[in-house]
Amino acid sequence: MSELGHEPDDDGVIVLSGLTKLYEPTPRWMRMFARSHLTEPVKALDGIDLVVRPGEICAVVGPNGAGKTTLFRIIIGLTEASSGQGRVLGLDVARQSEQIRQVVGWMPAEDRSLLMRATVRENLQLHGRLQGMSRTELQERIPYVLQTVDLTAKTDVVIASLSAGMKARVRLARALLPGPRALILDEPTGAVDPIAAHDLLKLIMDLVKQEQLAVLISSHRLEEIEALQSKALLMDGGRIKYSGDLDSLRQKWDRPQLELVMADESATRLVADGLQAQGLDVVVDGFAVRCRLGDTLTIGAVLGRLGASAASIQHIREIPMPLRDLIAQIYRLDPAADGGTQ
Ligand SMILES: Nc1ncnc2c1ncn2[C@@H]1O[C@H](COP(=O)(O)OP(=O)(O)OP(=O)(O)O)[C@@H](O)[C@H]1O
């Protein structure tokens, strides 16, 4: 085992196994003092297994309360797991959180963690010092991380005057300060407009490639997750609904739409009627007819049954399901999806 506890036969940077978190009810005596309290235990995580390797992005997706933030907080040692094991580069999340924070960059969801009246440099200096970095280290590292996130020109500007996109990049720069091997990004584009969000994600993808970082990222914007070409961990009520790459998820659950385009209205009507006669739900849009085939029908069989009217079809294409529909389908329809594959 190396200085960092890395085990040579283990290629996962982040390795979680059977991670469980139970938030206990607030003790009775404390309830009257607490702003909010729990009367029942809450199982926020229930047996989470995950491996994220160097150069890999894993998107953690789930509705509010699914357990995403709890998972992240356990990895960086802000919350203790109730059972199971978590390792980052072989370091134990429960016992070695200080060392873990030196190899993991954490980007929290909100700007609240930034000092609004201090400059970008002052924010990074404060954060670095709190993380135990020396002044000399910071003198070298701050210009480097600001250049990485393209904020050199804003080094001595106060945070309050920056756009939401720039503030997000400051939070990313802060996560990069220790020269991390892994990044944990909680809703990095939450308050950011779509163009700045696109640039931020592009930056993250380039960084992952160049520095072979292992990344865990949560986002409610599923189109962003698709663009990241990441693995996905779908969570619900603290449990895994699916774990694996997006291509396999598509292969397993995608029910693409079939679009047939004809040259005129009468041909369109004929084809639409022919599809309806096969029991398909049909949408007509101009001279295009769209339908989903379901699990059992093939395009060949459908066209064969259309008979002579198939000759009037000018163009056929399959339209993949948008990722949000695909994921919604997994959450809605498929209890058997629980646990998925790695
Ligand atoms: N400190 C806490 N004490 C008690 N319960 C908590 C605490 N933090 C989270 N929970 C509960 O644990 C569950 C998971 O919450 P968590 O914040 O991890 O989910 P999330 O997926 O990050 O949600 P969101 O998308 O809303 O941020 C929820 O039921 C939440 O109410």
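Each ligand, and each atom within it, is numbered from 1 in the order the structure gives. Hydrogens, waters and symmetry mates play no part in the numbers below; they use all other heavy atoms, side chains included.
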Heavy-atom side-chain contact between [X] and [Y] under 4.5 Å:
X      : Y      : value
Pro41  : Tyr23  : no
Arg290 : Ile319 : yes
Trp106 : Ile75  : no
Leu19  : Leu16  : yes

What distance do Ile313 atom CD1 and Glu259 atom CD have between them, rounded to the nearest 0.5 Å?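 CD of Glu259 is found 11.5 Å from CD1 of Ile313.
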Give the residues near ligand 1 by chain and number, with the criterion being a heavy-atom distance under 4.0 Å. Tyr23, Leu38, Val42, Ala44, Pro63, Asn64, Gly65, Ala66, Gly67, Lys68, Thr69, Thr70, His220
Output side-chain donor-acceptor pairs under 3.5 Å for residues 269-281, partner residues at least two apart or in another chain, one line each.
from	atom 1	to	atom 2	distance (Å)
Arg269	NH2	Asp273	OD1	3.4
Gln278	NE2	Val302	O	3.1

